[in-house]
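Nothing here was measured: the structure is a model prediction, and the numbers come from that model. One-based numbering, in listed order, for ligands and for the atoms of each.
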Amino acid sequence: MTSRNLTIDQTLQDYITAHSGVDPLVAELIAETRAATGGAAGMQISPEQAVFTTTLARLLGARSAVEVGTFTGMSALAIARGLPEDGHLLCCDVSEEWTNIGRKYWERAGVADRIELRIAPAAETLAALPADATVDLAFIDADKTGYPTYWAELVPRMRPGGVILVDNTLWSGRVVDPADTSADTVAIRAFNELVTGDDRVESVILPIGDGLTLARKK
Ligand SMILES: C[S@@+](CC[C@H](N)C(=O)[O-])C[C@H]1O[C@@H](n2cnc3c(N)ncnc32)[C@H](O)[C@@H]1O
């Protein structure tokens, strides 16, 4: 198949970010994350992924959301901003230190009361959720080898028409490098096959950020 996607160099990337409605609070969170976490800051979703996620939450009319992998709170901020005042976002992470950075920004954005953070392995938190299919929007962005478990817990809990977003599904392009057999790359490849073969959803990999899978529950 002929490619109809652009190769995004840094200049074009900067242009995209500059034209994607990224606000100063997000820019501040990015700067604080870089200062406080160093190289780990690369784990943050991209600013335009954040804007996309907020918009998607609004388009879905989402009231109930679940996030797996919160880090310093950027994707949680994006989801919560797309929820109504009485909406609820359950965030799963294992780091108090990193998520404490995010809490300040959730407060400043006026969305902290929509966010419930559970510090525990996400597999445990998800398994303990009610089994009913009521989640409107989910976001998976934690340890890559855990993705199949998070998927298995979340798909049955999504309402029909609900959407699961999954970050890093292109893994800097390493998914198509046969020489890369690292555990994370192998896990992402297997996860992408799992999603493609799952008849409960319709899905697409969007080449935004590090690759963002959008899967809609049928
Ligand atoms: C890629 S970062 C998430 C980035 C975040 N979505 C953002 O927008 O900044 C991955 C996060 O997953 C968390 N994590 C790793 N293993 C986990 C597990 N088993 N359960 C819950 N969280 C986990 C890490 O502590 C880290 O904060």
Side-chain angles (χ1 to χ4, degrees), residues 17 20 22-23 25-57 62 65-83 89-106 108-109 111-112 114-129 137-154 163-172 174-175 182-185 187-188 191 206 208-214:
T17 304
S20 293
V22 178
D23 72 13
L25 189 65
V26 166
E28 218 180 300
L29 173 55
I30 292 169
E32 180 170 352
T33 299
R34 283 188 187 144
T37 73
M43 296 201 295
Q44 265 183 328
I45 61 166
S46 71
E48 56 275 9
Q49 278 182 312
V51 177
F52 174 81
T53 301
T54 304
T55 305
L56 180 69
V66 177
E67 173 181 87
V68 182
T70 299
F71 189 43
T72 59
M74 178 126 138
S75 48
L77 176 64
I79 296 166
R81 281 176 152 174
L83 301 177
L89 167 63
L90 173 67
C91 288
C92 308
D93 206 287
V94 288
S95 171
E96 288 276 9
E97 183 190 347
W98 284 339
T99 53
N100 275 341
I101 293 174
R103 285 183 194 276
K104 291 182 293 183
Y105 290 84
W106 303 339
R108 285 173 60 188
V111 297
R114 296 170 209 179
I115 300 177
E116 177 191 353
L117 174 62
R118 297 222 189 127
I119 301 295
E124 290 174 16
T125 302
L126 295 178
L129 293 178
L137 176 63
F139 190 90
I140 300 176
D141 186 20
D143 52 312
K144 307 313 161 195
T145 52
Y147 277 21
T149 302
Y150 308 143
W151 181 261
E153 294 291 351
L154 284 166
V163 167
I164 305 180
L165 295 174
V166 190
D167 197 25
N168 306 112
T169 50
L170 294 179
W171 205 228
S172 303
R174 295 197 287 274
V175 282
S182 65
D184 283 345
T185 304
I188 298 241
F191 177 74
L206 303 171
I208 173 175
D210 193 27
L212 186 69
T213 292
L214 187 158

Original post:
Under 3.5 Å, N or O to N or O, is Phe139 touching ligand 1 that way?
Top reply: no

Subject >> Side chains of Tyr150 and Asp141, donor plus acceptor under 3.5 Å >> reply: no

Original post:
Identify the closest protein heavy atom to atom 19 (N) of ligand 1: which residue and atom is it, and at what distance?
Top reply: Tyr150 OH, 3.4 Å

Original post:
Between Thr72 and Glu32, does any side-chain donor sit less than 3.5 Å from a side-chain acceptor?
Top reply: no

**OP:** Find all atoms of ligand 1 within a distance of less than 4.0 Å from any non-hydrogen atom belonging to Ser75, and give their numbers and elements.
**Re:** 5 (C), 6 (N), 7 (C), 8 (O)

**OP:** Would you mind checking which non-hydrogen protein atom is closest to atom 20 (N) of ligand 1, with the distance to 0.1 Å?
**Re:** Ala122 N, 2.9 Å

**OP:** List the atom of Cys92, the atom of Thr125, and the distance in Å for their closest heavy-atom pair.
**Re:** SG-CG2, 3.7 Å

Original post:
Hey, does Pro121 sit under 4.0 Å from ligand 1 if you only count heavy atoms?
Top reply: yes

Original post:
At what distance, to the nearest 0.5 angstrom, does CG of Leu212 lie from OG1 of Thr169?
Top reply: 6.5 Å

**OP:** Measure from atom 11 (C) of ligand 1 to every heavy atom in Ile30, Asp93, Asn168 and give the option owning the shortest one.
**Re:** Asp93

Original post:
Using heavy atoms and a threshold below 4.0 Å, how should the contact between Thr70 and ligand 1 be classified: side chain, backbone, both, or neither?
Top reply: backbone

Subject >> Nearest neighbour in protein (non-hydrogen) for atom 15 (C) of ligand 1 >> reply: Asp143 N, 3.9 Å

**OP:** Mind checking the CG-CG spacing from Leu29 to Asp23? Nearest 0.5 Å is all I need.
**Re:** 10.0 Å

**OP:** Any chance you could measure Glu116, atom CD, to Leu90, atom CG, to the nearest 0.5 Å?
**Re:** 5.0 Å

Original post:
Among protein heavy atoms, which sits nearest to atom 10 (C) of ligand 1, and what does the distance come to when rounded to 0.1 Å?
Top reply: Asp141 O, 3.1 Å

Subject >> Contact atoms of ligand 1, heavy-atom distance to Phe71 under 4.0 Å >> reply: 2 (S), 3 (C), 4 (C), 5 (C), 9 (O), 27 (O)

Subject >> Distance in Å, Leu117 CG paired with Arg103 CZ, rounded so as to fall on 0.5 Å steps >> reply: 4.5 Å

